[in-house]
Amino acid sequence: MQAKYRVLITDGFWRKSLAAVRSLGRAGHWVAVGERTSFAPGLYSRFCDQRFVYPDPIRETSRFLDSLAERIRKHRIQILLPMEEETLLVILRGRDRLPAGCRIPFAPASKIEEVRDKGRLGRLAADAGVPTPRTAQPRNLADLEAAARSLGWPIVVKPRIGTGARGIAYTKTIEELLPAWRAASRPGLPALLQERLPQEGVGVGVSVLCAPGGEVMAHFTHRRV
C-alpha cells in the first residue's frame with residue numbers, strides 16, 4: 001500500500017496549487033494549504049484538511065518563516081511544497097529555521113537562482129546544444145542600438161528574472177525599444193533582447209522531476225492552449 005503523507009502547500013491562490021491539493025487529496029494524503037489571503041481557491045477545496053493565512057513571504061520574511069515552522073510542528077508536516085518561485089526561494093534560504101524532519105523536494109537555492117536568470121539559462125542551454133532564440137544582453141545604449149541592428153525587428157524585451165509575461169514587451173522601433181528596455185531592467189541586471197519567433201504553430205512544454213543525482217523520476221508534456 002502506498003505510504004500516506006502529511007503535506008503543506010503554500011501559495012493556495014494559484015490554479016496549479018489547487019491542482020496539487022486535489023491530486024494529493026485524491027491519493028489519500030493529508031493536505032494543509034496556506035496563502036497570504038483567505039480569498040484563495042486552494043483553501044476551500046474539499047481535499048484541504050487544514051487552511052491558514054500566513055504573513056507576506058517577501059515583506060515579512062521572518063514572521064512568515066516563524067508561522068510556517070509553527071504549522072509544520074503543530075500538524076506534523078512531513079513534506080512542504082512551495083508553489084511559487086519567490087516563496088520557494090524564501091523557504092530555501094531560511095531552511096535552517098524550519099523543522100529538520102520536514103522534507104522540501106527542491107534543489108538548493110543557489111541552483112534555482114542560477115537558472116531563474118534567463119541570461120544564464122540561455123548560456124547553459126546553448127552549451128548543452130539546446131536551440132534558443134537569438135539573444136542579446138546590452139549593457140548600455142550603444143549596445144542596445146547595436147543589438148537592435150543585429151536582431152532585426154520585431155524585438156522582444158524580457159527581464160532577466162521574472163515569471164509568466166510580466167515585464168515582457170514587443171517592440172517594432174528604436175523609439176519603443178528604449179523605454180521598454182529601461183522598464184524591464186533592474187540594477188545590475190539589464191533586460192534581454194530576443195528575436196521574436198513566428199507566432200504560428202503550437203507551444204509545447206516539458207516538465208521533468210529529477211532525483212538529486214539526476215535520475216528522472218517523473219515527466220510530462222503539455223500543449224499551450
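If you read the sequence from its start, that first residue is 1, and numbering goes on from there.
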Tell me if a side-chain donor or acceptor on Ser67 pairs with a main-chain N or O of Arg63 at a distance below 3.5 Å. no
Cation-pi, Tyr54 ring and Arg36 (6.0 angstrom, 45 degrees): no
Scanning both residues in full, the closest heavy-atom pair of Pro57 with Val90 reads O-CG2, 3.7 Å
Within this structure, what is the CH2-CZ distance for the pair Trp30 and Arg76, rounded to the nearest 0.5 Å? 8.0 Å
Check whether Glu114 reaches the backbone of Ser110 with its side chain - one donor and one acceptor, N or O, closer than 3.5 Å. no
With a 4.5 Å cut-off on side-chain heavy atoms, are Thr61 and Asp56 touching? no
Would you be so kind as to tabulate the donor-acceptor pairs closer than 3.5 Å made by side chains of residues 13-20, with sequence neighbours excluded?
residue	atom	partner	partner atom	Å
Lys16	NZ	Met83	O	3.0
Lys16	NZ	Glu84	OE2	2.5
Ser17	OG	Asp11	O	2.5

Apply salt bridge (charged side-chain N to carboxylate O under 4.0 Å, His left out) to Arg97 and Asp66, showing your working. CA-CA 8 Å; Arg97 296 182 55 173; Asp66 288 344; 2.8 Å; yes
Determine, step by step, whether Leu144 and Asn140 satisfy the side chain to side chain contact (heavy atoms under 4.5 Å, CB included) criterion, reporting the C-alpha distance in whole Å, the side-chain angles of both residues, the deciding distance to 0.1 Å, and the verdict. CA-CA 6 Å; Leu144 190 68; Asn140 50 48; over 6 Å; no
Quick check against the 3.5 Å criterion: does Ser185 have a side-chain atom that pairs as donor or acceptor with the backbone of Ala191? yes
Shortest non-hydrogen separation from Trp181 to Leu141 and the atoms involved: CZ3-CD2, 4.4 Å
Pair Arg6, His75 - check side chain to side chain contact (heavy atoms under 4.5 Å, CB included), show working. CA-CA 8 Å; Arg6 300 178 71 82; His75 300 296; 4.3 Å; yes
Side-chain heavy atoms under 4.5 angstrom apart, residues restricted to Ile, Leu, Val, Met, Phe, Trp, Tyr: same cluster for Leu178 and Leu193? yes
Any side-chain heavy-atom pair from Leu80 and Leu98 closer than 4.5 angstrom? yes
Interatomic distance, CD1@Ile174 vs CZ@Arg149, rounded to 0.5 Å, equals 8.5 Å
Please say whether more than 12 non-hydrogen atoms of neighbouring residues, nucleotides or ligands are located less than 6.0 Å from NE2 in His219. no
Going hydrophobic residue to hydrophobic residue with side-chain gaps under 4.5 angstrom, can you get from Val156 over to Leu151? no
Are Leu24 and Arg26 close enough that some pair of their side-chain heavy atoms sits under 4.5 Å apart? no
If we only count heavy atoms from C-beta on, is the Ile168 to Pro159 side-chain gap below 4.5 Å? yes
CD1 (Ile77) and CD1 (Ile72) are apart, to the nearest 0.5 Å, by 7.0 Å
Checking Glu113 now: which residues fulfil side-chain hydrogen bond (donor to acceptor under 3.5 Å, both in side chains) with it, not counting sequence neighbours? Arg93
Take Phe220 and Val206 through the side chain to side chain contact (heavy atoms under 4.5 Å, CB included) test and state the conclusion after the steps. CA-CA 6 Å; Phe220 71 91; Val206 179; over 6 Å; no
Distance from Leu192 atom CG to Leu121 atom CG, nearest 0.5 Å? 10.0 Å
Contact check, side chains of Arg134 and Gln194, non-hydrogen atoms, under 4.5 Å: no
Side chains of Ile79 and His29 in contact at under 4.5 Å (non-hydrogen atoms): no
Co-membership, hydrophobic cluster, residues Val7 and Leu209, 4.5 Å side-chain: no
Of the non-hydrogen atoms in Gly214 and Cys210, which two are nearest, and what is the gap between them? O-SG, 4.0 Å
To the nearest 0.5 Å, atom CZ of Arg160 lies from atom CZ of Arg120 at 7.0 Å
Atom OH of residue position Tyr44 - does it have more than 12 heavy atoms of other residues, nucleotides or ligands inside 6.0 Å? yes
Can you find a heavy atom in the side chain of Ile104 that is under 4.5 Å from one in the side chain of Leu81? no
Please step through side chain to side chain contact (heavy atoms under 4.5 Å, CB included) for the pair Leu68 and Leu8, ending with a clear verdict. CA-CA 9 Å; Leu68 216 55; Leu8 193 160; 4.2 Å; yes
I need the Ile91 CD1 to Phe106 CZ distance, nearest 0.5 Å. 8.5 Å
What pair of heavy atoms forms the shortest contact from Val33 to Gly12, and how long is it? CG1-CA, 3.8 Å
Considering non-hydrogen atoms only, spot the tightest contact between Ile112 and Leu89 and give its length. CG2-CD2, 3.8 Å
Would you confirm whether Lys4, through its side chain, and Ala27, through its main-chain N or O, come within 3.5 Å as a donor-acceptor pair? yes
Side chain Lys158, main chain Lys118, donor-acceptor under 3.5 Å: no
Using the rule that two of Ile, Leu, Val, Met, Phe, Trp, Tyr join whenever any of their side-chain heavy atoms come within less than 4.5 Å, decide whether Val115 and Ile161 are in one cluster. no
Sequence neighbours excluded, the answer for salt bridge (charged side-chain N to carboxylate O under 4.0 Å, His left out) partners of Glu86 is Arg116
Hey, does the side chain of Asp49 reach the backbone of Val31 with a donor-acceptor pair shorter than 3.5 angstrom? yes
Hey, are the side chains of Arg22 and Ser45 touching, using non-hydrogen atoms and a 4.5 Å cut-off? yes
Please name the pair of heavy atoms, one in Arg73 and one in Pro99, separated by the smallest distance, quoted to 0.1 Å. CG-CG, 3.7 Å
With a 4.5 Å cut-off on side-chain heavy-atom distances among I, L, V, M, F, W and Y, is there a chain of contacts connecting Ile58 to Phe64? yes
